[in-house]
Amino acid sequence: MSRYWNSLVAKLDPYVPGEQPRIQNLIKLNTNEHPYGPSPKVIEAIQAHTNDSLRLYPDPTALELRQAIGKRFHLSPDQVFVGNGSDEVLAHVFHALLKHEAPVLFPDITYSFYPVYCGLYEIQFKTAPLDDDLKICVDDYLHLTGDRRVGGIIFPNPNAPTGAAHSLDAVEKIIAANQDVVVVVDEAYVDFGAQSAVSLIHKYPNLLVVHTLSKSRSLAGLRVGYAMGHADLIQGLDRVKNSFNSYPLDRLALAGATAAIEDQSYFEHTRDAVVRTRGVMTKGLEQLGFQVLPSAANFIFAKHPARDGAALAAALREKNIIVRHFKKERIDQYLRITVGTDDDCSKLLQACKLILS
């Protein structure tokens, strides 16, 4: 701790990202990156913009990308906000749209960046516990009046790190019951098996849906995320963004992201491959005695009743396979395992078989 830090910095408990080790012949299944590369059209678009134009600032409004996203989801560009990864988008959401006069509500087991944002912006928060099946209890997000009043609600669908998804009807029930505050549905993993809430945007002005290109579009290295909602919500995000950084996306990111959104066929082909492999991985682990939660994401959440979670993660690491282990109450026996290629899946199952034997 430095004596030059202000009091806020000293109190922060920063988010810890997944490990990015430099190990030869590594099977990396710890950060939910897509196992297949981005669309060839993305590479072509980036290469086409690698020229003298880089001396110029990018479009601060990201209009072409917002138009592509709007076309994809039947929205107008003024209903779309883009940022430098969905984490930056979420940071602006916490700052601009979740009211600071009452606690923000989110699940107790969820994306661990949420309490970090609350600490950064000095927002109170409270959590609703997942049920015994590690799923969100919809009733915990209803009738939030009096002492239960909140300044906003945020939850992922599918949830992270569990992979559990709720139906669109359940999500709408939460949105409809809380129309005096913003409800944020974080859909980082929605493409792998859940129903998106984007179709509800025209019905609910308090709904904001957040997406990322890091997962299903294979662009974790490009850092592009976006939010969709009523134009008034987007305007609020723009006001914060333009008070922080007017040029969050560079020219190469704008070109690559636009190409990724427009190449629907490549997205569907690689997405379907991940879903198929997820089924194979789930079945294989269950045959080895693992308990695997139903997943609608590009990862699975599993534990073995006879083996310690941390010990299993360490044993896999010795075989050059890295998975994510969370030292948190209720989930400390689980491993979050990213769905890789078919070959990655085969090697993971073989390694688990050897460890368990």
Side-chain angles (χ1 to χ4, degrees), residues 15-16 18 29-32 90 104-116 118 125-142 144 150 153-175 183-197 210 212 215 274-275 278-279 281-313 316 323-339 348 352:
Y15 174 76
V16 179
L29 304 177
N30 67 320
T31 50
N32 300 339
L90 288 168
V104 172
L105 176 64
F106 47 80
D108 66 333
I109 298 173
T110 192
Y111 187 28
S112 54
F113 225 139
Y114 298 162
V116 174
C118 289
F125 69 90
K126 57 184 179 181
T127 60
L130 300 186
D131 65 18
D132 292 340
D133 296 322
L134 297 182
K135 298 189 70 174
I136 290 173
C137 300
V138 173
D139 287 348
D140 289 339
Y141 297 82
L142 309 180
L144 302 178
V150 297
I153 295 171
I154 183 169
F155 59 91
N157 193 41
N159 194 18
T162 64
H166 273 285
S167 69
L168 187 58
D169 287 342
V171 172
E172 182 173 10
K173 193 174 182 180
I174 295 173
I175 300 165
V183 176
V184 183
V185 184
D186 184 353
E187 296 186 344
Y189 301 100
V190 72
D191 291 323
F192 297 102
Q195 291 178 284
S196 176
V210 178
T212 177
K215 310 303 181 184
V274 170
V275 171
R278 182 182 68 200
M281 183 184 295
T282 298
K283 183 178 179 179
L285 288 173
E286 288 176 339
Q287 290 174 342
L288 292 174
F290 282 85
Q291 298 173 359
V292 184
L293 297 185
S295 175
N298 70 332
F299 59 84
I300 59 175
F301 208 50
K303 68 177 181 179
H304 197 284
R307 296 298 181 100
D308 176 71
L312 275 173
L316 286 168
V323 299
R324 192 79 186 264
H325 174 255
F326 297 90
K327 298 177 182 179
K328 187 173 182 179
E329 188 177 357
R330 294 185 70 195
I331 61 170
D332 59 350
Q333 293 306 308
Y334 283 87
L335 301 179
R336 193 195 68 187
I337 308 172
T338 303
V339 178
L348 169 76
C352 287

Shortest non-hydrogen separation from [X] to [Y] and the atoms involved:
| X | Y | value |
| --- | --- | --- |
| Thr162 | Phe299 | C-CE1, 3.8 Å |
| Ile136 | Pro156 | CD1-O, 4.3 Å |
| Pro158 | Ala296 | CG-O, 3.5 Å |
| Ala165 | Ala194 | CB-CB, 3.8 Å |
| Ala313 | His325 | CB-CB, 4.1 Å |
| Val138 | His166 | CG2-CE1, 4.1 Å |

Distance in Å, [X] [atom1] paired with [Y] [atom2], rounded so as to fall on 0.5 Å steps:
| X | Y | atom1 | atom2 | answer |
| --- | --- | --- | --- | --- |
| Lys215 | Thr338 | NZ | OG1 | 7.5 Å |
| Asp140 | Leu142 | CG | CG | 8.5 Å |
| Phe155 | Thr110 | CZ | OG1 | 10.0 Å |
| Thr282 | Leu293 | OG1 | CG | 10.0 Å |

Going by the rule side-chain hydrogen bond (donor to acceptor under 3.5 Å, both in side chains), which residues pair with [X] if we only count those two or more places apart in sequence or in a different chain?
| X | value |
| --- | --- |
| Gln333 | Asp308 |
| Thr212 | Ser214 |
| Ser196 | Glu187 |
| Tyr189 | Asn32 |

query: Pick one: which of Ile174, Val171, Val150 meets side-chain contact (heavy atoms from CB on, under 4.5 Å) with Tyr141?
result: Ile174
Holding to ring pair (Phe, Tyr, Trp, His ring centres under 6.0 Å), I want the full list of residues that pass it with [X], two or more places apart in sequence or in another chain.
| X | result |
| --- | --- |
| Tyr334 | Phe301 |
| Phe290 | His304 |
| Phe125 | Phe106 |

field: Summary of side-chain hydrogen bond (donor to acceptor under 3.5 Å, both in side chains) pairs that have at least one residue in residues 286-298, sequence neighbours excluded
entry: none
Considering only distance and modelled atom types, tabulate donor-acceptor pairs under 3.5 Å from the side chains of residues 128-135, sequence neighbours left out.
from: Asp131; atom 1: OD1; to: Asp133; atom 2: N; distance (Å): 2.8
from: Asp131; atom 1: OD1; to: Leu134; atom 2: N; distance (Å): 3.1
from: Asp131; atom 1: OD1; to: Lys135; atom 2: N; distance (Å): 2.9

- request: May I have the step-by-step check of side chain to side chain contact (heavy atoms under 4.5 Å, CB included) for Asp186 and Tyr114, ending in yes or no?
  value: CA-CA 11 Å; Asp186 184 353; Tyr114 298 162; 2.7 Å; yes
message: A quick test of your reading: do over 12 heavy atoms of other residues, nucleotides or ligands sit less than 6.0 Å from NZ of Lys126?
response: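 Enclosed: over 12 neighbouring heavy atoms sit under 6.0 Å from NZ of Lys126.
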message: Going by salt bridge (charged side-chain N to carboxylate O under 4.0 Å, His left out), name the pairs with one or both residues in residues 161-174, residues two or more places apart or in two chains.
response: Glu172-Lys203
field: Sequence neighbours excluded, every pair satisfying salt bridge (charged side-chain N to carboxylate O under 4.0 Å, His left out) that has a member inside residues 287-297
entry: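 Sorted result for residues 287-297: empty, none.
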- request: Could you give me the CA-CA distance, side-chain angles and deciding distance for Val190 and Val185, then say whether side chain to side chain contact (heavy atoms under 4.5 Å, CB included) is met?
  value: CA-CA 10 Å; Val190 72; Val185 184; over 6 Å; no
- request: Quick one: do Ile154 and Val210 satisfy side chain to side chain contact (heavy atoms under 4.5 Å, CB included)? Show the steps, please.
  value: CA-CA 10 Å; Ile154 183 169; Val210 178; over 6 Å; no
field: Min side-chain heavy-atom separation Leu29-Leu316 under 4.5 Å
entry: no
message: Set out, in order, the CA-CA distance, both residues' side-chain angles and the distance that settles side chain to side chain contact (heavy atoms under 4.5 Å, CB included) for Leu285 and Ile337, then state yes or no.
response: CA-CA 11 Å; Leu285 288 173; Ile337 308 172; 4.1 Å; yes
Asp108: partners by salt bridge (Lys or Arg N to Asp or Glu O under 4.0 Å), with sequence neighbours left out: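 With sequence neighbours excluded, Asp108 shows a salt bridge (Lys or Arg N to Asp or Glu O under 4.0 Å) to Arg330, given in chain and number order.
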field: Backbone N/O of Ile109 and side chain of Asn159: donor-acceptor pair under 3.5 Å
entry: yes
- prompt: Taking Arg278 for the side chain and Phe192 for the main chain, is one N or O donor matched with an acceptor at less than 3.5 Å?
  reply: yes
